[in-house]
Amino acid sequence: MPDYHLSQLDLLEAEAIYVLREGAAQFQRPVLLFSGGKDSIVLTHLACKAFWPEKPPFPLLHVDTGHNFPETLEYRDEMVQRLGLRLFVASVEESIRTGRVREETGANASRNRLQSVTLLDALAKWGFDAAFGGARRDEEKARAKERFFSHRDEFGQWDPKNQRPELWNLYSGRMAPGEHFRIFPLSNWTELDIWSYIKREEIALPSLYFAHERDTVVRGGVILGLCQSVQPRPGEVVTRRTVRFRTMGDAPITGAVQSTAATIDAILAETAAARTTERGGRADDLRSDTSMEDRKKEGYF
Amino acid sequence: MDAARDMGLLRFTTAGSVDDGKSTLIGRLLYDCKAIFEDQLSALERASLLKGGSGIDLSLLTDGLRAEREQGITIDVAYRYFATPRRKFIIADTPGHVQYTRNMVTGASTANLALLLVDARSGISEQTRRHAFLSSLLGIKSMVLCVNKMDLVDWSRKRFEEVCGEFRAFASRLATASITFIPVSALYGDNVATRSANMPWYEGPSLLYHLENTYVGGDLDMVNARFPVQTVIRPHDDGAFHDFRGYAGQIAGGVFRPGDEVVILPGGKKTRIGAIFCGDKTVTEAFPPLSVVMTLTDDVDVSRGDLLAKPHNQPTEGQDLDAILCWFSDKRPLRAGDRVILRHTTREVQAVVKSLRYKVDVNTLHKTEAVPELALNDIGRVQLRTAKPIHYDAYERNRQTGSVILVDPFDNSTLACGMLSVKQPASAQE
């Protein structure tokens with residue numbers, strides 16, 4: 001009997017590609033949410049594989065908070081060019097300027113929650129009826145309850161207590177006008193799977209993921225990298241540290257980790273041995289025990 | 001180098017309440033496999049303190065939603081991930097009470113193994129029987145029965161064997177290929193990740209060793225070649241792929257190779273496979289559950305929802321389906337005459353419920369005939385009639401081509417899942 005064995009990365013890839021194709025086939029105008037983070041980069045790579053030699057039959061959408069690291073934006077523009085994809089950009093600054101949202105004030109103000117409004121406005125404006133996202137169930141306990149095809153009502157809200165059962169690989173994208181779906185092809189991937197896949201597929205990443213020297217401050221127990229949108233406050237000490245980022249969010253809330261891992265192999269070793277979760281450095285999740293669930297109900301990624 | 005071999009993925013389901021020690025057992029597995037992180041542990045300590053408990057309540061790890069934490073219950077399927085150097089594991093953790101039958105069924109639909117848990121003091125409960133029945137109904141071939149809290153029965157071999165005997169008597173009525181019995185103490189870790197020194201009379205593996213090494217390849221149908229088409233790839237570019245036309249999908253059964261003769265259903269046209277692609281690379285064979293793109297040597301009409309098979313081994317074609325349903329809706333019951341949308345592989349078709357044959361009591365397995373309806377969490381056997389023929393196999397033969405879901409045409413909710421059976425075996429056999 002021949003050996004029809006597949007590794008876990010092969011299995012996860014096959015599942016993700018199947019889900020991407022189902023999303024593309026069942027919806028009129030899907031879009032892929034691209035944040036510049038490693039998960040959405042892997043998702044974009046999988047989308048290119050799923051439809052090869054055709055280009056993915058959907059564009060990318062980046063919700064730009066105006067607080068991105070410049071490295072993220074450079075990477076985004078280079079990648080879109082290289083892969084020949086179409087990119088839409090929705091701007092949180094624009095939402096603030098037009099009065100759709102009001103900027104948070106106070107010590108730990110962030111634009112994290114504001115993104116939900118900008119995203120929902122963008123989906124409505126361009127008529128997208130499904131949005132692929134790179135969220136994984138292992139990231140966070142509210143995300144552990146997500147479906148592959150996750151229904152959103154006409155207000156973009158997630159109703160975790162009333163989710164559709166999802167059996168086998170039968171995903172139903174039926175919905176009423178004005179509603180939409182979020183689709184999560186990477187649901188079953190872990191952080192280690194993502195890094196192992198990046199290595200196997202030789203996927204290029206923004207430089208921020210690799211150890212580099214940077215001026216930093218410590219704010220609320222989290223190491224923040226200085227850039228245009230993160231400036232030292234009175235009383236904060238600027239220290240030059242060797243750091244890298246495990247997740248990529250808004251600069252003011254994305255904690256760096258002290259690390260000398262400058263290659264994929266070093267990062268893989270570090271991830272396998274890690275004793276804290278990758279979102280442990282995310283100030284937005286530390287607000288309360290259910291802050292992710294609360295944001296998701298409002299339409300967050 | 002078999003010891004270092006990547007065993008791939010094992011998906012298993014658990015069901016039950018905190019009382020059986022299920023959360024403690026899962027917590028223990030995750031903890032011993034270093035899958036609980038320091039910040040999760042400190043978040044748990046904070047949450048456990050808020051709840052007024054002493055010590056860490058590991059159930060808070062899986063009960064992620066606000067309502068679940070407030071009410072101290074698991075509402076939904078929670079997926080947990082951990083890995084050892086040998087294998088990656090996905091746990092579908094579901095509540096065990098009868099009102100969550102649909103969640104148990106959902107978790108079981110993608111699982112290779114069911115992990116059942118009983119309290120050594122009280123023995124087999126209604127909940128254990130229900131979980132075992134639903135697991136076997138959904139085609140799970142391996143079960144592990146952990147007899148927990150052995151520390152509370154003085155590590156008694158006699159008690160362990162009594163409980164096993166009780167379960168065997170029940171399980172003889174189920175279609176489960178293998179049952180493994182393991183005496184454990186989740187609280188102290190005996191026989192969870194390592195063998196217990198307290199039960200030298202037990203010669204079997206620890207739970208983790210069993211999970212790492214158990215063979216689950218038999219869950220995939222490697223015999224009956226089935227390829228449901230998801231989408232057609234036509235680049236229309238000006239370059240090398242101007243005339244490229246490929247059919248994308250996930251292999252649902254059997255093995256396909258370039259040059260193989262295939263039949264396109266519906267229609268029955270025959271052609272041959274040109275090339276098979278995984279991404280931009282060609283492969284010499286494709287088997288479940290790979291996602292591939294196939295080209296065909298003839299210019300034939302193939303679209304989403306069609307199925308490729310081999311001419312000498314075709315699925316059953318029909319509009320009259322015999323199915324075991326699990327009803328999910330709390331808004332409406334199922335009655336004869338109801339119209340639904342039926343989703344099968346990559347196609348949707350209208351269907352009507354012709355008749356309701358019987359209902360199964362999930363606790364006693366007793367069948368009641370002549371019932372007027374199926375309500376939330378009921379399981380029963382029905383006859384469905386579809387508007388167009390579909391091409392399917394018996395669920396025992398192929399989980400993908402033998403399964404359906406029913407969708408409400410009015411509010412789009414998922415009403416039921418169904419496992420198909422085939423009365424007469426397909427006329428042509430391999």
Side-chain angles (χ1 to χ4, degrees), chain A residues 1-2 4-8 10-18 21-22 24-25 48-55 57 137-138 140-145 151 160-161 163-172 174-176 179 187-190 192-193 274-277 279-280 289-290 293-294, chain B residues 6 8-9 37-40 43 46-47 61-62 64-67 69 75-81 83 88 90 102-103 105-106 109-110 217 222 230-231 233-235 237 241 244 248-250 255 277 279-280 287 289-291 293 304 328 341 343 346 399-400 403-405 407 412-414 417:
Chain A
M1 170 100 181
Y4 294 118
H5 178 79
L6 293 174
S7 71
Q8 56 163 297
D10 294 331
L11 293 166
L12 292 170
E13 181 188 65
E15 177 180 80
I17 287 177
Y18 174 82
R21 289 171 177 165
E22 275 307 287
C48 291
K49 262 191 142 170
F51 300 97
W52 186 92
E54 203 177 315
K55 298 253 190 297
R137 287 176 181 154
D138 86 315
E140 205 282 330
K141 54 193 179 295
R143 284 190 169 163
K145 310 268 160 161
H151 180 252
K161 276 163 68 176
Q163 297 198 78
R164 297 176 182 180
E166 231 166 45
L167 295 104
W168 301 291
N169 59 354
L170 294 172
Y171 305 117
S172 169
R174 296 187 72 94
M175 61 184 178
E179 300 175 345
S187 288
N188 282 329
W189 296 51
T190 61
L192 196 56
D193 294 326
R275 297 305 300 141
T276 57
T277 63
R279 294 189 75 95
D289 214 37
T290 52
E293 180 184 348
D294 298 342
Chain B
D6 174 350
L9 200 57
F37 294 100
E38 280 165 12
D39 53 323
Q40 286 178 317
R46 280 200 307 272
L61 210 72
T62 45
L65 301 174
R66 185 190 291 275
R69 294 175 162 233
I75 292 171
D76 203 347
V77 186
Y79 295 93
R80 300 283 320 170
Y81 301 82
K88 173 179 165 128
I90 302 177
R102 68 172 181 174
N103 306 71
V105 166
T106 302
S109 74
T110 51
M222 291 295 179
Q230 279 188 289
T231 186
I233 311 265
R234 295 203 65 180
D237 69 357
F241 299 104
F244 186 95
Q250 186 170 29
V255 183
F277 294 90
D280 61 354
F287 50 89
L290 278 175
S291 285
V293 171
R304 175 172 167 84
F328 292 155
I341 293 160
R343 176 172 284 279
T346 54
R399 267 184 171 185
Q400 261 62 52
S403 56
V404 298
I405 57 169
V407 176
N412 301 315
S413 62
T414 301
C417 75

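A note on names: the letters A, B, ... follow the listed sequences, proteins ahead of strands, and every chain is numbered from 1. Excluded from the calculations below are hydrogen atoms, water molecules and symmetry mates; all remaining heavy atoms, backbone and side chain alike, are included.
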Here the gap from A:Glu54 atom CD to B:Ile233 atom CD1, rounded to the nearest 0.5 Å, amounts to 5.5 Å
Whatever's closer than 4.5 Å to a heavy atom in chain A on B:Phe241 counts as side chain
Donor-acceptor pair, B:Gln230 side chain versus A:Tyr18 backbone, under 3.5 Å? yes
Under 4.5 Å to a heavy atom of chain A? For B:Ile90 that would be side chain
To the nearest 0.5 Å, atom OH of B:Tyr81 lies from atom CG of A:Asp138 at 7.5 Å
The interface call for A:Leu12 against chain B, heavy-atom contacts under 4.5 Å, is side chain
Closest non-hydrogen contact found for B:Asn412 with A:Arg164 is O-CZ, 3.2 Å
Whatever's closer than 4.5 Å to a heavy atom in chain B on A:Ala50 counts as backbone
Checklist entry - Would a 4.5 Å heavy-atom cut-off, applied to side chains only, mark A:Glu22 and B:Thr346 as touching? => result yes
* Evaluate the side-chain contact (heavy atoms from CB on, under 4.5 Å) criterion for residues A:Glu166 and B:Val77: first the C-alpha distance (whole Å), next the side-chain angles of each, then the deciding distance (0.1 Å), finally the verdict. => CA-CA 10 Å; A:Glu166 231 166 45; B:Val77 186; over 6 Å; no
So do B:Pro289 and A:Leu6 actually touch side chain to side chain, heavy atoms under 4.5 Å? yes
Sorted by chain and number, sequence neighbours left out, side-chain hydrogen bond (donor to acceptor under 3.5 Å, both in side chains) with A:Arg137 holds for A:Asn188
If one checks every heavy atom of B:Val404 against chain A at 4.5 Å, the contacting part turns out to be backbone
Turns out that what part of B:Arg304 lies under 4.5 Å from chain A's heavy atoms comes down to side chain
Heavy atoms of A:Ile17 and B:Ser291 approach each other most closely as CG2-CB, 3.7 Å
Query raised in the report: Is there side-chain contact between A:Leu11 and B:Lys88, with at least one heavy-atom pair below 4.5 Å?
Result: no
Any side-chain heavy atom of B:Arg343 within less than 4.5 Å of one from A:Leu167?
no
The reported gap from OG1 in B:Thr414 to NE2 in A:His151 (rounded to nearest 0.5 angstrom) is 10.5 Å
Note to self: Does the plane of the ring in B:Phe277 sit parallel, tilted or perpendicular to the ring in A:Trp52? Use 30° and 60° as the thresholds.
What the structure shows: tilted
Looking only at A:Arg174, A:Glu13, A:Lys49, A:Glu15, most heavy-atom pairs under 4.5 Å shared with chain B are made by A:Arg174
Looking only at B:Asp280, B:Val255, B:Ile341, B:Val105, most heavy-atom pairs under 4.5 Å shared with chain A are made by B:Asp280
Among B:Ile405, B:Thr110, B:Val293, the residue with the most heavy-atom pairs under 4.5 Å to chain A is B:Ile405
